[in-house]
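Below is one structure, written out as structure tokens, with a few remarks after it.
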Amino acid sequence: KVKAAVFASGNGSNFEAIMKHEKLACDVVLLVCDKPGASVIEKASSYSVQTFVLNPEDFESKGKYEEEILIKLEQEGVEWIFLAGYMRIAGETLLHAYERKIMNIHPSLLPAFPGKDAIGQAFRAGVAVTGVTVHFIDEGVDTGPIIAQEQVEIFPEDTEELLKIRIQKVEHVLYPTVINSILLSDKME
Ligand code: GAR
């Protein structure tokens with residue numbers, strides 16, 4: 001199986017959904033986290049996934065921070081990167097080393113509502129439909145080629161909290177599914 005790393009900054013529910021998938025087509029060998037103390041770190045330990053926690057503030061530049069990550073990724077033989085609530089824009093060091101090998105999940109129908117708090121943005125905008133996007137990343141904020149999207153309806157009596165629960169439910173099924181289909185089609189190429 002190919003080796004993959006998950007990058008996350010927060011709670012790690014998507015990390016956990018990936019780990020729980022019964023027939024994941026890769027081995028997640030590393031969690032990269034930029035937030036010391038984030039809940040996802042404990043989750044990784046509970047799945048016996050090695051964690052690599054780095055605080056970007058300890059580095060003089062994004063390039064230096066990413067070089068350190070890159071060394072670790074290469075040591076571990078990581079071929080794919082899945083961003084799962086990694087709240088940081090990848091720089092050219094990572095993008096260049098992992099061209100078309102970094103996927104991201106975002107809680108809106110991109111290009112609508114990029115950036116932070118996409119669920120709140122959609123809720124406040126009063127749209128009837130939002131959703132989830134899985135895409136390859138590029139140097140932009142939640143831009144890059146879209147791989148898959150799924151719609152989530154916003155009901156008149158909805159709350160932001162309920163919407164978030166429904167969106168994350170969709171994420172937890174969509175992300176591992178898309179990861180598998182991309183890895184399988186990559187293998188056939
Ligand atoms: C997820 O909803 C993910 O789509 C979002 O952060 C959340 C992380 O939750 N990502 C972004 O907004 C990226 N711009 P989790 O830590 O429970 O997986």
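Start at 1 and go down the list; that is how both ligands and their atoms are numbered. What you see below is based on every heavy atom in this structure, not just the backbone, and it leaves out hydrogens, waters and symmetry mates.
A donor-acceptor distance shorter than 3.5 angstrom exists from the side chain of Thr133 to the backbone of Ser108, with no hydrogens or angles considered. Checking side-chain atoms of Ser45 against main-chain N and O of Ile41 turns up a donor-acceptor pair under 3.5 Å. A distance-only check finds no donor-acceptor pair linking the side chain of Arg88 to the backbone of Ser9 [under 3.5 Å].
Looking at Val40 against ligand 1, nothing comes within 4.0 Å, counting heavy atoms. The part of Gln168 lying near ligand 1 is the side chain, judged by heavy-atom distances below 4.0 Å.
Annotation: Glu22, atom CD; neighbour count of heavy atoms from other residues, nucleotides and ligands within 6.0 Å does not exceed 12. Within 6.0 Å of the CD atom in Gln50, the count of heavy atoms belonging to other residues, nucleotides or ligands exceeds 12. The 12-atom threshold is exceeded at NZ of Lys72, counting heavy atoms of other residues, nucleotides or ligands nearer than 6.0 Å. In the displayed structure, Lys1 atom NZ is contacted under 6.0 Å by more than 12 heavy atoms of other residues, nucleotides or ligands.
The nearest heavy-atom contact from the protein to atom 10 (N) of ligand 1 is Ile105 O, 3.6 Å. The nearest protein atom to atom 5 (C) of ligand 1, hydrogens excluded, is given as Pro107 CD, 3.7 Å; this is a heavy-atom distance. For atom 14 (N) of ligand 1, the closest heavy atom belonging to the protein is His106 ND1, 3.0 Å.
For ligand 1, the polar-atom distance check finds no N/O of Phe15 at less than 3.5 Å from any of the ligand's N/O atoms. Below 3.5 Å of separation, one finds no N or O of Asn104 facing any N or O of ligand 1. The distance criterion of under 3.5 Å between nitrogen or oxygen atoms is met by Ser13 with respect to ligand 1.
Ligand-side atoms of ligand 1 in range of Gly12: 15 (P), 16 (O), 17 (O), 18 (O), range being under 4.0 angstrom from any heavy atom. Near Glu171, with a cut-off below 4.0 Å to any heavy atom, the atoms of ligand 1 are 1 (C), 2 (O), 3 (C), 4 (O). For ligand 1, the atoms lying closer than 4.0 Å to a non-hydrogen atom of Gly85 are 6 (O), 8 (C), 10 (N). Listed by number with element, the atoms of ligand 1 under 4.0 angstrom from any heavy atom of Asn11 are 16 (O), 17 (O).
Classification of Lys62 and Glu66 as a salt-bridged pair fails, no side-chain N sitting under 4.0 Å from a carboxylate O.
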For Arg124 and Asp117, what are the C-alpha separation, side-chain angles and deciding distance, and is it a side-chain contact (heavy atoms from CB on, under 4.5 Å)? CA-CA 11 Å; Arg124 289 187 295 275; Asp117 190 25; 3.1 Å; yes

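Residue contact annotation: Glu16 has no non-hydrogen atom under 4.0 Å from ligand 1.
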